[in-house]
Amino acid sequence: MSILDKFDLQNAMYAFAVANTPLFLLRKLQEDSCIRDIAENFTGEELLAAFKEAVQKPPEDTRASITPYVLLVALYWQPQVTYLRKAMDVELGYQDAWLSYCIRVLLATYKPGTKQTVEIKLNPAISTTSSATTSSATTRQFVLPQKVAK
Amino acid sequence: MPPLIGQRTSINLETRRGTPIQNSFDETPPTPGNIFQCTALKRQYIAALHRPTNASNIYNCHGLTFACRRTGITDYRELRRIIADDTYQKIDHPKDLFPGDIVLYIQQGDLTHSGVITEVSPILRVLSKWGWCHEVVHAISDCPYIPATYEFWRIVS
């Protein structure tokens, strides 16, 4: 049972299958919106715990193989680098040179991100939607993206 | 089921000038997941010629292009070393290409893919291996790798 069970990792598994280099794999994972969703749905602590569990023993199928990479990239999208840095110290239960390399690359290219919720007052005169419950000045919430994939 | 990521080993691989080249391979047989991905690629790229080779963790595209299918090379710096030491010559214009020349797919400095040109007219075709899947003869852009740029190289002597 993994925290990723309900997520569709098809794109990640495809990238893993055709990757000739670890940097190609990382780029594809960073472009994967599913991994952004994972980063949004879990805390750094939860992702790190799942990563530790995933690398305890050698993977037995493609999904298990890609899981540590997915978790690392999800950690990369976290607003703080703390847990990604902790992932570097996790001892792998098997040999995977790409995984160790990917952690180093992610750490080297990490840029602190922020997640902000801002309220924007909409002018009712130009608002395209209206509701019987809204007052004359409507507010809406927008969540700003944290970072842009490199 | 055996682990997907097996013990990797390497061979003594050198450039023509004797510079050691880092490489590694894994003789673990392909898993059902590997085979599934190959089947999906065959369905997706119907215009390509999919060679009857199995998914393999022994070599990747760069291993096919630069190491006679004996091992995998994944570090772009090693590939640049081979190109320099083996005295490849760059071909600037695609019109000058011949079958047997090498194509490199480049994205942000990384050599994401490589292959051997098999046909230049009417379209450029390339023999390559797609990651740890199988070998494919495909039109240069009809593959999972969309590079920012291509480089073409040839060994003249």
Side-chain angles (χ1 to χ4, degrees), chain A residues 2 4 8-32 51 54-72 90-106 108-109 111 148-150, chain B residues 1-10 22 24 26 28 30-41 44-45 55 57 59-65 72-79 104-115 128-134 136 143-147:
Chain A
S2 158
L4 303 187
D8 179 4
L9 301 185
Q10 281 302 321
N11 288 341
M13 288 193 283
Y14 175 86
F16 187 68
V18 300
N20 293 301
T21 67
L23 292 178
F24 172 88
L25 176 61
L26 272 187
R27 268 195 302 277
K28 288 291 174 189
L29 297 182
Q30 287 173 328
E31 291 166 6
D32 190 342
F51 176 78
V55 299
Q56 272 182 0
K57 60 180 177 137
E60 293 184 346
D61 56 38
T62 311
R63 191 180 169 94
S65 298
I66 196 65
T67 294
Y69 292 90
V70 167
L71 291 164
L72 279 181
V90 175
E91 198 168 323
L92 304 184
Y94 56 94
Q95 185 189 12
D96 185 346
W98 279 30
L99 191 60
S100 309
Y101 178 77
C102 286
I103 300 176
R104 291 200 301 275
V105 171
L106 288 172
T109 57
K111 286 180 185 164
V148 177
K150 294 186 77 180
Chain B
M1 191 182 284
L4 181 64
I5 297 176
Q7 190 70 25
R8 297 190 72 83
T9 184
S10 62
Q22 282 181 23
S24 69
D26 166 10
T28 308
T31 63
N34 293 144
I35 295 164
F36 171 82
Q37 292 292 349
C38 291
T39 307
L41 287 168
Q44 185 180 354
Y45 293 93
N57 287 322
Y59 62 101
N60 61 351
C61 65
H62 301 315
L64 183 156
T65 307
I73 307 169
T74 59
D75 188 331
Y76 66 91
R77 291 165 298 190
E78 300 294 315
L79 298 165
L104 302 179
Y105 293 63
I106 300 167
Q107 187 79 40
Q108 294 174 14
D110 185 28
L111 305 188
T112 57
H113 189 50
S114 67
S128 70
K129 184 166 181 288
W130 291 359
W132 304 113
C133 294
H134 55 287
V136 186
C143 64
Y145 314 95
I146 310 297

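Reminder, nothing fancy here: chain letters follow the sequence lines and each chain counts from 1. These values consider heavy atoms only, across backbone and side chains, with no hydrogens, waters or symmetry-generated copies. Treat the numbers as computed from the prediction; the structure is a model and nothing was measured.
- In this structure, A:E91 places its CD atom where only 12 or fewer heavy-atom neighbours from other residues, nucleotides or ligands lie under 6.0 Å away.
- For A:T62 against B:G33, the heavy-atom pair with the smallest separation is OG1-CA, 3.4 Å.
- Every residue was checked against the side-chain hydrogen bond (donor to acceptor under 3.5 Å, both in side chains) condition with B:Y76, not counting sequence neighbours, and none meets it.
- Residue contact with chain A, scored on non-hydrogen atoms closer than 4.5 Å, involves the backbone of B:L111 exclusively.
- Using a 4.5 Å cut-off between heavy atoms, B:Q37 contacts chain A through its side chain alone, with no backbone atom that close.
- For B:D75, the salt bridge (Lys or Arg N to Asp or Glu O under 4.0 Å) partners are B:R77, not counting sequence neighbours.
- At a 4.5 Å heavy-atom cutoff, the contact between A:A17 and chain B is made by backbone and side-chain atoms alike.
- Side chain of A:Y14 to backbone of B:A40: no donor-acceptor contact under 3.5 angstrom is found.
- Interatomic distance, CD of B:Q108 versus CZ of A:R27, reported as 5.0 Å (0.5 Å rounding).
- Looking only at side-chain heavy atoms (C-beta outward), A:T21 and B:H113 stay at 4.5 Å or farther from each other.
- Around OH of B:Y45, the count of heavy atoms belonging to other residues, nucleotides or ligands within 6.0 Å exceeds 12.
- A donor-acceptor pair under 3.5 Å links the side-chain atoms of B:N60 to the main chain of A:N20, judged by distance alone.
- With contacts defined as side-chain heavy-atom distances shorter than 4.5 Å, the pair B:Y145/A:F24 qualifies.
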Decide yes or no on side-chain contact (heavy atoms from CB on, under 4.5 Å) for B:T31 and A:E60, but give the supporting numbers first.
-> CA-CA 9 Å; B:T31 63; A:E60 293 184 346; over 6 Å; no
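- For the atom pair CG (B:N34) and CE (A:M13), the distance works out to 11.5 Å, reported to the nearest 0.5 Å.
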